[in-house]
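One structure is given below, encoded as C-alpha cells.
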Amino acid sequence: MRKLTVLPVVAAVVGAMVAGAAPALADAPVKAPGQPVVPKRFLEQKIDWKPGFKPGEIPDALKGKPGVERYEVGTMTVPQNWHHPDDGKTITVAVSRIRNDKGAPRGSLVINPGGPGEPGLTMPLVFGKNQRTRMLDSFELVSFDPRGVGKSTHVSCGGALDNGAELDPRDRRPANIKAIQDANEQNQRDCQRAEGELGTTITTEQTDDDVDLLRALLGREKISWLGWSAGTWMGAHYATQFPARVDKFVLDANTNFTTDLDTSWSTQPMGFQRRFDVEFRPWAAKYDNVFHLGTTPAAITAAYESMRAALAAKPIDDPELGKLGAVDLDSLITLNLYSADKQFVKLGKALGSLKKALDSRGGDGIQSKQQLRADLDAARKPADDAKEKEAESTVFNTIMCNDTAWHGTRASRLIESTALGLRYPLMGWSWVGQICDTWKQPADIALPAPTGKGLPPILMVQNRLDPATPYEGAVAAHRSFENSRLVHIDGVGDHCVYLDGVPEIDNLVESYYLDGVTPPRDSALHVHKPLPVPTADGKADADRAKAASNPSVDSRQLTAEATGKLNL
C-alpha cells in the first residue's frame, strides 16, 4: 500500500452475478447494483496465452527458477464501464499466469500486489523466485495489471499531480497553507479533466468486475486470492460482490477495508512514525560506527531534524545531485521503512552521507558529491518509465478518491494535520492537503462496506509494526468482518507478511491454501526476525543474509526487472 498523494509529500507507496447463479448473459444496457450482466461477447472471448518471455529474454534473476518456463501472458477485453457494458466502449486488461502441468490444479489463485494500482503481471513469478514449489505444483497462479496501468489500457492525469509538491507542510504560515490547499484543488480539477470519462471507471468495483470476468474465462466456478496491502481492500470487496465465487482468500497487510478510505488511511502517520521511532532509530544508533548519525535514538531524531531544517532553509539544487528539499527528506525516510532487510542499510547510508554533506556545506556548496549521489540513488525508488510511473500515480489517487467519499474541509484538515504533526512529525503535517476532499466522485459507485456475512473463513495476516497498514486497522477490519481469522506476527515490522523471509508464516499460509487448515479466530505467532547487520563499509552482512532460511524477494524490483521484457 502506498502513501496517499497528500501534497506536499510525494506518493511512495483488483461480470458479477447473484450468489450461486451463473453469469447473466444479456444485452441489458445498465448494470443494477449487486446484479451486473455480462454480455455474451465478453464471455465468449478466448485469452490468447503465449510465453511470457521471448527466447533469450528471461531476466537473469529468473533463469532456472521453477515455473518460469510455464509463465504466460495475454490480454482480455472488458467493458470500459461495467454499468453500461453495451455502450461499445471497451478497454484492455493484461493478464498472466503460471500454467499448472501437474494434472488438474486445485484452482486458480489470483494475486494482487496492492497500491492500489500496482501492476501485477509478474507476481506469479515471485513463487518460483522464492522456491514455493508446493504452491507452483498445486495452483494455476494468476495475476493482472489493473485497468489504467502497466500493459493494460492507461489512464493519465496529464502530469497534474506534481503541482505544489515542493511546499513544506511544516510551514504553517497562512499563505503557505493556502498555497498547499490551492494546489490540491487545482490538481484535482486538472487530473479529472485529463482523465475524462475513463477516470470515472477507475474504481475497485469496476476492477473486481474485471477479475470476475477473468475467473469466468479461466473456467473456474470459484477463485482463491492473495492480496497484499491495498490488495486486501480489493479482495474483501470482491468477496462482498461475489460471495459464491470465494474459495481460499488470504489478506496480507490489511488496511481497514470495512470503513471508508479517508478513515482507513488516516492511521498512516502513526504507522510510519512508530516504525521509525521503535525500530529504525535504535537500530541506526547501534551502528553509529557505520552511519555516523548518533549513538542514541534521540540523537537520530536530532540529526533528522537538523538536516530537515537545513534543507528547508536552503534546498539542494545541483546538476549532479538533483533537487532535494525538506519534503524530499521526509519521503526518502518513509519510502525506506517498508522492509528492514531491503531498505534500512540503504537509508542509514543515505542519511549519513547527507548529514556529512550538509554539515560541511559552505559557500562552495556540497562537497563529496559522488558518494552522496550513490547513496541517495540507492535509497530512492528505482526509476520507472515516466509514463508508467504517472499512470500508477493516477490510478492510485483516482481509486482512493473514487471509491469512497472523503470528509475534510480546508479548516478541518488544518486542525487534523496540526494534531497529527505534533504527534507524528514524519508525515502528520502533510495531512493538511488532501486531493480527495474536492474530488468529484462518480454518481454510480456501488461499493458496500464488507461485512463477511455468508463467506467461508478468510485468513488475515499482519505484522504488529507494519508502517503502511498499521495493525490497529487490521484489528478493526477483523472485528467487523465475520468469519475472518487474524494471525498477527510479533517481532516483525515489515510491510507485508507472506514471502517476507519468515518460514513460520509461509507454512501457515500455505497450510491454509493447500491443506485447508484454518487457524483459530485470533492467533499470534511470536517470531523474531533479526534486523540487518551492516558491515563497516555499509553493506548488509553476508552471513546475516545467508541465515535467512527463506529469503524474501522484492516484488517491485522483480516487476521492474521483468516487465520490460514481457512478450505482450
Side-chain angles (χ1 to χ4, degrees), residues 2-13 159-188 190 265-266 268-273 276-277 293 300-318 321-337 347 350-351 354-355 357-359 361 365-366 372 376 379-381 393 397 408-438 467:
R2 301 181 177 195
K3 296 181 300 166
L4 183 62
T5 298
V6 238
L7 285 177
V9 174
V10 178
V13 195
L161 297 175
D162 295 332
N163 179 37
E166 77 288 351
L167 297 171
D168 187 352
R170 287 205 196 183
D171 180 351
R172 308 305 274 187
R173 291 176 299 176
N176 189 64
I177 297 300
K178 181 178 184 300
I180 290 172
Q181 296 182 330
D182 284 349
N184 273 273
E185 294 185 10
Q186 186 63 51
N187 290 354
Q188 171 264 309
D190 291 347
W265 241 255
S266 66
Q268 276 201 339
M270 179 270 293
F272 279 99
Q273 192 72 46
F276 182 67
D277 289 346
L293 292 167
I300 303 300
T301 297
Y304 158 61
E305 292 292 350
S306 176
M307 287 187 283
R308 196 186 191 287
L311 290 171
K314 185 180 179 182
I316 293 174
D317 189 356
D318 184 273
L321 299 173
K323 295 183 178 181
L324 185 72
V327 175
D328 302 308
L329 177 61
D330 296 341
S331 291
L332 183 75
I333 293 173
T334 56
L335 280 170
N336 283 279
L337 294 177
L347 179 57
L351 293 179
L354 181 61
K355 181 177 183 298
L358 292 174
D359 286 347
R361 181 165 66 175
I366 297 292
L372 176 56
L376 287 174
R380 289 164 172 157
K381 184 179 179 181
S393 181
N397 282 277
T409 65
R410 288 189 173 216
S412 70
R413 293 300 182 194
L414 179 59
I415 295 170
E416 179 185 19
S417 66
T418 301
L420 288 172
L422 291 171
R423 296 184 67 184
Y424 316 118
L426 191 61
M427 187 190 292
W429 299 105
S430 70
W431 241 245
V432 71
Q434 297 284 357
I435 191 173
C436 294
D437 282 342
T438 57

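Being a predicted model, the structure only gives us computed values, none of them experimental.
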>> What's the separation between atom CD in Gln273 and atom OG1 in Thr334, rounded to the nearest 0.5 Å?
In response: 10.5 Å
>> Please enumerate all residues that pass salt bridge (charged side-chain N to carboxylate O under 4.0 Å, His left out) together with Asp317, with sequence neighbours excluded.
In response: none
> Any sub-3.5 Å donor-acceptor pair from Gln181's side-chain atoms to Gly433's backbone N or O?
Replying inline: no
> How far does CG of Leu335 sit from CG of Leu347, to the nearest 0.5 angstrom?
Replying inline: 9.5 Å
>> Does any part of the side chain of Met270, heavy atoms only, come nearer than 4.5 Å to the side chain of Met427, both counted from C-beta?
In response: no
> Asp437 and Gly408: which non-hydrogen atoms are nearest, and at how many Å?
Replying inline: OD1-N, 3.2 Å
>> Please find the pair of heavy atoms, one from Phe272 and one from Leu337, that lie closest to each other, and give the distance.
In response: O-CD1, 3.6 Å
>> I'd like to check the side-chain contact (heavy atoms from CB on, under 4.5 Å) partners of Ala309; sequence neighbours left out, ordered by chain and number.
In response: none
> How many angstroms lie between atom CG of Asp277 and atom OG1 of Thr301, to the nearest 0.5 angstrom?
Replying inline: 6.0 Å
> With sequence neighbours left out, what residues match Asp359 under side-chain hydrogen bond (donor to acceptor under 3.5 Å, both in side chains)?
Replying inline: Lys355
> Under 3.5 Å, side chain of Asn163 to main-chain N/O of Asn187, donor-acceptor pair present?
Replying inline: no
>> Quick check: closest heavy atoms across Ser266 and Pro269, and the distance to 0.1 Å?
In response: O-CD, 3.4 Å
> Roughly how far apart are Glu185 CD and Asp190 CG, rounded to 0.5 Å?
Replying inline: 12.0 Å
> Shortest non-hydrogen contact from Trp429 to Ser417?
Replying inline: O-CB, 3.6 Å
> What's the shortest heavy-atom distance between Asn397 and Cys436, and which atoms?
Replying inline: O-SG, 4.3 Å
> Among all residues two or more places apart in sequence or in another chain, which pass the side-chain hydrogen bond (donor to acceptor under 3.5 Å, both in side chains) test with Ser412?
Replying inline: Thr409
> Which pair of non-hydrogen atoms, one from Trp265 and one from Trp431, has the smallest distance, and what is that distance?
Replying inline: O-CZ2, 3.4 Å
> Which salt bridge (charged side-chain N to carboxylate O under 4.0 Å, His left out) pairs, counting each pair once, include a residue from residues 416-428, with sequence neighbours left out?
Replying inline: Arg413-Glu416
> Residues two or more places apart in sequence or in another chain: which of them pass side-chain contact (heavy atoms from CB on, under 4.5 Å) with Ala179?
Replying inline: Leu167
>> So Leu351 and Tyr304, do their side chains get closer than 4.5 Å, heavy atoms only?
In response: no
>> Is the shortest side-chain heavy-atom distance between Asp162 and Ser393 below 4.5 Å?
In response: no
>> Using only atom types and a distance under 3.5 Å, with no angle test, would you say the side chain of Thr418 pairs donor to acceptor with the backbone of Leu414?
In response: yes
> Is there side-chain contact between Lys323 and Glu166, with at least one heavy-atom pair below 4.5 Å?
Replying inline: no
> salt bridge (charged side-chain N to carboxylate O under 4.0 Å, His left out) between Arg380 and Asp328: does it pass, once the steps are laid out?
Replying inline: CA-CA 10 Å; Arg380 289 164 172 157; Asp328 302 308; over 6 Å; no
>> For Gln188, give me all partners under side-chain hydrogen bond (donor to acceptor under 3.5 Å, both in side chains), at least two apart in sequence or on another chain.
In response: Gln192, Thr438
> Which residues pass the side-chain hydrogen bond (donor to acceptor under 3.5 Å, both in side chains) test with Asn176, sequence neighbours left out?
Replying inline: none
> Taking the side chain as C-beta and beyond, is there a heavy-atom pair between Leu324 and Leu354 under 4.5 Å?
Replying inline: yes
> With Arg170, which residues qualify under salt bridge (charged side-chain N to carboxylate O under 4.0 Å, His left out), at least two apart?
Replying inline: Glu305
> Is the shortest side-chain N to carboxylate O distance from Arg308 to Asp330 below 4.0 Å?
Replying inline: yes
>> Once rounded to the nearest 0.5 Å, what's the spacing between atom CG of Asn184 and atom CD1 of Ile435?
In response: 6.0 Å
> Roughly how far, to the nearest 0.5 Å, is OG of Ser306 from CG of Leu293?
Replying inline: 11.0 Å
